[in-house]
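Please read the structure below before turning to the comments.
A note on names: the letters A, B, ... follow the listed sequences, proteins ahead of strands, and every chain is numbered from 1.
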There are 2 protein chains.
Amino acid sequence: MRAGMAVLTVDAAGMRAQNSGLLLNMIWRERQISRAEIARRTELSPSTVSAIVADLELAGLVRSIGAGVSRGGRRPTLIGFCDEAFSLVGVELGASHVTVVLTDLRGRVRTQSKASHAVRGDPEGSLQKAKELIQECLDAERVPRRSVVGMGVAVPSPVHPASPGKMSPLILPAWKNVDVKEWFETTFDMPVFVDNDANLGALSECFWGAGSGGEDLTYIKLATGIGAGHIIHGDVYRGAGGTAGEIGHIAVDSNGPLCVCGLRGCLVTLIGSTALTERARELMGARGRKGPTVRDLVEGARAGDPAAKQIIDGMGAWLGIAVGGLLNLLNPAIVVLGGEISSVGELLLDPLRASVRQRALSVSMAETRIVTSALGERAIAVGAATLVLQAALRDRSLFPQQNVGRTA
Amino acid sequence: MRAGMAVLTVDAAGMRAQNSGLLLNMIWRERQISRAEIARRTELSPSTVSAIVADLELAGLVRSIGAGVSRGGRRPTLIGFCDEAFSLVGVELGASHVTVVLTDLRGRVRTQSKASHAVRGDPEGSLQKAKELIQECLDAERVPRRSVVGMGVAVPSPVHPASPGKMSPLILPAWKNVDVKEWFETTFDMPVFVDNDANLGALSECFWGAGSGGEDLTYIKLATGIGAGHIIHGDVYRGAGGTAGEIGHIAVDSNGPLCVCGLRGCLVTLIGSTALTERARELMGARGRKGPTVRDLVEGARAGDPAAKQIIDGMGAWLGIAVGGLLNLLNPAIVVLGGEISSVGELLLDPLRASVRQRALSVSMAETRIVTSALGERAIAVGAATLVLQAALRDRSLFPQQNVGRTA
DNA sequence: TGACTTTGTTCTTACGGCGAAGAAATCAAA
DNA sequence: TTTGATTTCTTCGCCGTAAGAACAAAGTCA
């Protein structure tokens with residue numbers, strides 16, 4: 001019954017793998033730390049720590065970075081993580097664009113490239129476009145294939161844990177016959193990890209944003225679609241069928257408009273980008289021929305335009321219904337709002353918090369921080385790259401072997 | 001950032017602990033299995049398996065139970081778990097009663113005792129009552145203190161992970177100065193685990209009920225209060241502040257009645273026992289002087305009383321709003337309904353499923369089984385005992401040492 | 001009956017962590 | 001400056017655990 005079968009047996013080699021993984025994580029997290037300090041914290045013996053650090057050094061993952069301050073005796077040698085030793089590729093297949101980033105092991109973007117593309121209906125073209133952009137990034141930095149750990153791909157569809165390359169036939173029917181994971185794997189010959197965009201936004205926030213403390217967190221992506229991703233115990237939570245976080249199709253208004261999903265009054269029909277810009281066209285008038293965009297809305301609200309503020313207020317109220325339910329059901333430590341519209345910051349957070357306060361227990365409300373993302377528009381693509389980093393920090397063997405097979 | 005610090009370092013002893021824990025779990029799960037089969041499944045060497053089994057046998061946790069069927073050679077010796085080797089105590093502090101069960105390591109109840117008591121306002125009396133009942137159970141079976149692994153306690157309050165003995169001052173203000181965990185620990189001198197009642201109902205279902213497959217599951221306790229418990233990755237999920245699963249205070253009707261929690265239209269004000277019986281009094285008329293009870297409602301519905309059925313239908317509709325949100329947000333594999341009213345079975349499930357269908361994505365809906373509990377009224381107390389079992393199966397050292405310290 | 005299979009044990013080997021001892025580096029106080 | 005204490009890190013031998021080979025025991029099947 002218990003899912004705990006994940007725990008595998010250990011032999012001598014497994015013991016080393018486990019301990020060295022622990023050390024690698026500690027060094028990554030602390031940025032710089034001495035052997036002695038590691039020994040104190042892990043309760044591993046100094047000799048063992050030294051041996052493992054030597055291992056990691058040989059693998060090119062950590063290195064000495066000078067001496068630290070003395071604690072009354074010999075000064076410690078600080079060990080640091082080699083952030084630049086390997087690269088990560090992050091791909092975002094958005095609704096209308098493809099973004100690619102190349103990052104180091106600290107989530108810093110070394111190159112990025114982006115192109116508009118109608119991803120929804122054109123799998124072949126989108127993948128081809130992605131391939132070009134990836135190649136572009138790799139070439140720009142002259143990154144050899146050997147130094148890339150792997151590739152993360154964010155897709156605008158739920159991903160079933162059992163078949164991570166397959167898109168949902170309801171959300172992306174045109175992608176029915178494509179296996180994204182397989183395609184990238186065969187095209188680039190490296191490990192590929194695929195996940196839903198909101199999940200990767202959440203991961204991004206967990207590693208580099210509001211949730212860097214490691215607490216449980218929910219990220220809400222406010223865009224054409226509305227999706228949420230949960231981080232639970234430091235890991236993306238996907239649910240039994242991969243559809244956890246489909247907050248956009250929570251029905252918040254039983255008299256609301258009909259949604260493409262077949263339900264009525266879904267959150268997305270009320271506060272999705274389309275609904276917002278339509279509302280803006282009504283209240284703010286047409287800008288040029290195409291009507292106001294989300295960007296116009298953001299700028300309007302920031303400039304104090306009452307119509308824009310009214311729209312944002314309404315959005316906060318609707319969103320609060322869903323977030324209130326979220327707090328009561330899941331009680332995350334942090335809720336992060338992402339997506340272009342979230343850049344209005346407090347203008348959205350104020351009405352949202354007010355709405356939540358009417359719908360969530362004061363306890364869970366008081367303990368939950370609700371914030372907007374500070375990671376910008378690359379958050380999702382970086383999150384995709386982070387998925388690879390997370391996997392590699394868990395399983396050292398994912399890092400490509402550099403110094404191939406020399407026996408000391 | 002990552003919560004992964006939970007992983008501890010390993011030395012030779014830890015290696016043995018890990019492997020023997022794995023074996024213990026496998027034997028518990030499989031009920032009977034041969035050494036050879038264990039070796040095949042775990043990929044441990046036969047010699048290692050033999051050594052570990054000998055260990056476990058010495059500890060009194062497993063024993064040989066005869067020969068199995070041959071696979072074309074010598075017949076295997078089947079190893080079985082000693083279900084009766086130790087006992088578990090489960091305590092449920094309900095809103096209006098205290099229940100105690102004494103179970104074996106397979107969740108079978110050996111003794112139980114129950115007493116009505118106004119737990120809410122009387123901490124001292126409740127604890128004293130619990131003490132008596134526990135003593136009663138232990139005496140009834142002549143169970144020596146030594147053979148009890150520990151005690152689980154279910155409380156009608158959220159429990160903060162950081163202070164598991166403290167009740168929520170909002171829900172149980174009278175219990176402000178009591179530390180339940182500490183009290184039981186000092187009174188009975190054994191390990192004590194405290195958790196919220198709905199969480200323990202969920203654990204009960206995960207181990208002994210609908211979720212025995214180990215999938216993610218949400219249990220909803222339908223009683224005076226409405227609470228939910230989540231099992232995620234085989235473990236109770238409590239949220240950042242311990243209030244995950246407070247589904248009773250999801251606001252499902254913005255025009256609904258005011259709730260004690262300060263919000264309006266909480267689920268509990270619409271389908272809590274009080275609301276149901278009140279509604280029943282209106283529609284079904286008074287039974288005797290006290291008005292119909294939940295039991296009357298169940299019997300009425302089963303007997304085909306249209307008023308009762310109408311009430312249950314309405315309940316399903318309201319509940320469906322919350323469950324719909326739950327499916328979209330968390331996407332559990334199973335939703336289990338518990339509490340007395342759930343014994344109406346399909347009469348509640350039908351309108352509930354219909355309501356959910358209008359509010360959840362068809363994907364998550366299709367993949368989620370929604371069922372009623374089959375564990376009966378002892379589910380929570382047994383869940384409390386199960387909390388101890390779960391802990392001990394994870395950390396063998398929690399089982400009391402029987403054959404104290406003889407070096408072979 | 002005899003060849004083959006499967007099970008489970010025994011014994012040796014290898015590996016990894018531990019602890020003690022020691023060397024090196026630094027501080028602090030004489 | 002010297003001396004002793006402290007901290008860091010390495011070296012080396014020990015020990016516990018798992019692996020593997022060899023073997024005995026107990027079956028099956030023709």
Side-chain angles (χ1 to χ4, degrees), chain A residues 7-24 26-27 30 32-58 62-80 396 407-408, chain B residues 7-24 26-27 30 32-58 62-80 396 407-408:
Chain A
V7 184
L8 285 178
T9 54
V10 195
D11 57 2
M15 186 157 86
R16 182 51 154 263
Q18 197 160 320
N19 288 338
S20 81
L22 196 75
L23 255 68
L24 186 64
M26 184 170 283
I27 297 170
E30 300 296 329
Q32 50 181 46
I33 186 169
S34 70
R35 292 176 179 82
E37 182 63 24
I38 293 175
R40 274 190 296 270
R41 294 206 202 168
T42 58
E43 296 186 306
L44 249 40
S45 71
S47 46
T48 303
V49 172
S50 279
I52 293 179
V53 167
D55 260 18
L56 295 173
E57 206 160 3
L58 208 82
V62 307
R63 65 167 191 277
S64 294
I65 49 169
V69 295
S70 165
R71 301 189 345 146
R74 173 173 164 182
R75 296 168 63 193
T77 317
L78 295 179
I79 309 296
R396 213 187 106 182
T407 54
Chain B
V7 184
L8 285 178
T9 55
V10 195
D11 57 1
M15 187 157 87
R16 183 51 153 263
Q18 199 160 319
N19 288 337
S20 79
L22 197 74
L23 254 67
L24 186 63
M26 185 171 283
I27 297 171
E30 300 296 329
Q32 49 181 48
I33 187 169
S34 70
R35 293 176 177 82
E37 182 62 24
I38 293 175
R40 276 190 295 271
R41 293 205 202 169
T42 59
E43 295 185 309
L44 250 38
S45 71
S47 47
T48 303
V49 173
S50 279
I52 293 179
V53 167
D55 260 20
L56 295 173
E57 207 161 2
L58 208 81
V62 307
R63 66 168 191 277
S64 295
I65 48 169
V69 295
S70 163
R71 302 192 339 152
R74 173 174 164 182
R75 296 167 62 194
T77 317
L78 295 180
I79 309 295
R396 215 188 104 184
T407 54

Exercise. Please list, chain by chain and in numerical order, all residues satisfying salt bridge (charged side-chain N to carboxylate O under 4.0 Å, His left out) with B:R396, sequence neighbours excluded.
Key: none

Exercise. Could you tell me the separation between the CZ atom of B:R40 and the C1' atom of C:dT7, rounded to a whole number of Å?
Key: 9 Å

Quiz prompt | side-chain hydrogen bond (donor to acceptor under 3.5 Å, both in side chains) partners of residues 63-79 of chain A, not counting sequence neighbours, each pair once | solution = none

Exercise. Using a 4.0 Å heavy-atom cut-off, write out nucleotides 24-30 of chain D from 5' to 3' as B (base contacted by protein), S (sugar-phosphate only) or - (no contact).
Key: -BBBS--

Quiz item: When the distance from CD1 of A:I38 to C1' of D:dT8 is rounded to whole Å, what number comes out?
Solution: 13 Å

Exercise. Examine C:dT9: is either OP1 or OP2 under 4.0 Å from a nitrogen or oxygen in the side chain of B:R35? Give yes or no.
Key: yes

Practice problem: Any pair with a residue in residues 44-56 of chain B that passes salt bridge (charged side-chain N to carboxylate O under 4.0 Å, His left out), sequence neighbours left out, goes on the list, sorted by first then second residue, please. | Solution: B:R16-B:D55

Quiz item: B:T48: what forms a side-chain hydrogen bond (donor to acceptor under 3.5 Å, both in side chains) with it, not counting sequence neighbours?
Solution: B:S45

Self-check item: Partners meeting side-chain hydrogen bond (donor to acceptor under 3.5 Å, both in side chains) with A:R41 (sequence neighbours left out)
Solution: A:E30, A:E37

Exercise. Take atom CG of A:L8 and atom P of D:dA18, then tell me their distance rounded to the nearest Å.
Key: 15 Å

Quiz item: Could you go step by step and tell me if B:L22 and A:V10 meet the side-chain contact (heavy atoms from CB on, under 4.5 Å) rule?
Solution: CA-CA 10 Å; B:L22 197 74; A:V10 195; over 6 Å; no

Could you pull out the protein-nucleic contacts involving nucleotides 16-18 of chain C (nitrogen or oxygen on both sides, under 3.5 Å)?
| unit_1 | atom_1 | unit_2 | atom_2 | d |
| --- | --- | --- | --- | --- |
| C:dG17 | OP1 | A:N19 | ND2 | 3.2 |
| C:dG17 | OP2 | A:R16 | NH1 | 2.5 |
| C:dC18 | OP2 | A:S45 | N | 2.9 |
| C:dC18 | OP2 | A:S45 | OG | 3.0 |
| C:dC18 | OP2 | A:T48 | OG1 | 2.9 |

Quiz prompt | Sequence-distant partners of A:L78, side-chain contact (heavy atoms from CB on, under 4.5 Å), two or more places apart | solution = A:Q32, A:S34, A:I65

Self-check item: Spacing between B:I79 atom CD1 and C:dT7 atom C1', to the nearest angstrom
Solution: 12 Å

Quiz item: Can you check the A:E57 CD to D:dC9 C1' distance for me, whole Å?
Solution: 13 Å

Self-check item: salt bridge (charged side-chain N to carboxylate O under 4.0 Å, His left out) partners for B:D11, two or more places apart
Solution: none

